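Taking it in order: structure first as structure tokens, then the write-up.
Order of appearance sets the numbers: ligands from 1, and atoms from 1 within every ligand. We number each residue from 1, following the sequence as shown. For clarity, every value in this text was computed on a predicted model and none was experimentally measured.
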Amino acid sequence: MMEVSEQMDTYGLKASDFGKDFIWGVASSAYQIEGACDEDGKGKSIWDTFVHKKRFLIPTVITHETGDVACDFYHRYESDIATIADLGFKANRFSLSWPRILPEGTGKVNQKGLDFYSRVVDANLKNNLEPWITFYHWDLPQKLQDKGGWLNRQIVEWFGEYVDVVTKKLGDRVKNWMIFNEPLSFCAGGYLVGAMAPGIINPFSFMASVHHVNLCQAKGAEVVRANVSKSNVGTTHVIAPVHAMGKSGFHLKAKESVHALMHRIYIDPNLGLGYPFGLSPIIDQVKRFIKDEDEQNIKVDFDFIGAQYYSTTVAIPVPLLNGVPTKPKRFNGQDADMLKSPVNPKGIYESVQMLHEYNRFKNITITESGFSCYDTVENKRVIDLRRVDYVRRHLPEVLRAKKDGIPINGYMYWSFMDNFEWALGFRPRYGLIYVNFETLERTVKDSGWWFKKFLSQ
Ligand code: FCB
């Protein structure tokens, strides 16, 4: 297999050009890879519920697939982690399933669940992979959803308890923590447009979920810092640079409104900048959920901010709403991934630049970036040169940003292996490792071998 790596053309790119302290990693999440949905005392999450539901007689996951088994990482973590290390990565970003640890969301701890993550941490350390843990990558305990989930303000206490349990167990070995994965995706996806669990569509209460998440950012960081010495605490956000469709005031206003809805409502309050009122009637709904003491309790000084970049966005002007986001249309000759997101390498520069313009973030870590495409499987070789092409076109933009003084300290590819892509099932494949979902056999793709060569130079 080594020969495949050696044959790869790295187009003059070398990991060493990014500096010796640059963090090279991969990212994944619990629900998308673990499986073992009801094993060893695990409670149900909102995703366990959502994938088995039907709406208007149509399954929520159109392909009828579920993450019940997913990649079976729960039983195969040792070899999977060894493979990540073999490809040359030095960091592994993964998330914990809250209901595996606290089946009811609060109260009684499921020791077997906590022990599983302890073994996963040890397996990373044994392979010289630095663990980067996300507390919440969308799989809320169903028992807490039954009490309103992110719409219930009590979640700040529930979340604090969960972070406390986890950090007391793992904080002796894990220093890097991310409070959330992409609040935009699970708040807007889950409580505004209903495409993600728990599938609620409600423009009036949606901002309650955003506000409670923002309070939990601060609460979570406070608990980590109390329990873990020398911690590196941050959070992650989808950063999709917003472009205007035209030059008129109407278009520019739509752009501001979409930028506020996609980024500012999740970032500004934690920086003590408040909510961007007046840009969208949806955002203004938050006033109903803010209490006096929140202004102080929402501020958080993160050690790093995670930028997750896939594609850019265009703002469509809409009367009354100002603007709503869409992915830009593909123009002639422009490449796009399986989800029709256009490939725009300059966008990764724009996204970290946008964060840097806040002038508040000490470190910006690219905690996700990746590409889904159809892979060709030929005699045990998986050819995915379009993914290689995606990576080799984005990395120079990351390096350019770093050279321009933007404090980027790492890049994590999404994802190390193909996995369950939420409501889209198993079809979109983002992995560096191919997973045959019938047999669960893994095969390193050409892109994985490409990274191996790039990282060795
Ligand atoms: C990101 C999510 C991740 C995965 C990738 C493709 O938005 O954080 O779980 O779905 O997209």
Side-chain angles (χ1 to χ4, degrees), residues 25-35 45-48 50-51 60-63 65-67 70-71 73 92-98 132-140 178-190 192-193 195-197 213 234-241 262-263 266 305-313 325 327 336-344 347-348 351 365-375 384 386-387 390-391 394 411-435 445 447:
V26 286
S28 64
S29 87
Y31 187 73
Q32 294 179 273
I33 63 171
E34 284 177 4
S45 81
I46 52 175
W47 272 92
D48 292 312
F50 188 74
V51 296
T60 44
V61 178
I62 203 81
T63 55
E65 291 158 328
T66 74
C71 307
F73 177 81
N92 183 17
R93 171 179 177 235
F94 58 97
S95 78
L96 312 179
S97 155
W98 184 346
W132 284 62
I133 292 188
T134 316
F135 288 104
Y136 188 80
H137 200 130
W138 310 354
D139 42 356
L140 186 74
M178 285 143 291
I179 307 297
F180 285 107
N181 182 73
E182 299 187 351
L184 164 72
S185 307
F186 72 87
C187 292
L192 177 64
V193 298
M196 298 273 190
V213 163
T235 199
T236 77
H237 292 294
V238 189
I239 309 289
M262 291 187 68
H263 307 119
Y266 303 99
I305 195 85
Q308 316 217 139
Y309 174 75
Y310 288 87
S311 194
T312 32
T313 309
K327 293 268 156 95
D337 74 358
M338 276 174 88
L339 309 184
K340 304 228 175 340
S341 290
V343 174
N344 177 21
I348 201 165
S351 68
T365 313
I366 295 173
T367 40
E368 278 185 31
S369 179
F371 183 74
S372 58
C373 58
Y374 295 94
D375 302 321
D384 63 338
R386 292 185 61 216
R387 182 169 292 105
Y390 178 92
V391 172
H394 282 68
Y411 172 98
M412 296 174 186
Y413 180 81
W414 180 274
S415 176
F416 78 92
M417 67 176 158
D418 298 335
N419 56 46
F420 182 72
E421 184 48 36
W422 308 112
L424 301 172
F426 291 108
R427 198 182 66 97
R429 292 176 178 269
Y430 283 87
L432 302 177
I433 298 167
Y434 185 88
V435 179
K445 303 181 190 178
S447 55

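Nearest heavy atom pair, residue S351 against residue P241, reads N-CG, 3.9 Å.
Side-chain contact check for F416 versus I433: some heavy-atom pair is nearer than 4.5 Å.
Near ligand 1, heavy-atom contacts under 4.0 Å come from Q32, H137, W138, N181, E182, Q308, Y310, E368, W414, E421, W422, Y430.
A cation-pi contact links R429 to Y434, judged by a cut-off of 6.0 Å to the six-membered ring centre and 45° from its axis.
The backbone N or O of Y430 sits less than 3.5 Å from a side-chain atom of Y413, completing a donor-acceptor pair.
Ring centroids of F420 and Y31 are separated by less than 6.0 Å, placing the two rings close together. Taking the six-membered ring for Trp, Y136 and F186 have ring centres closer than 6.0 Å.
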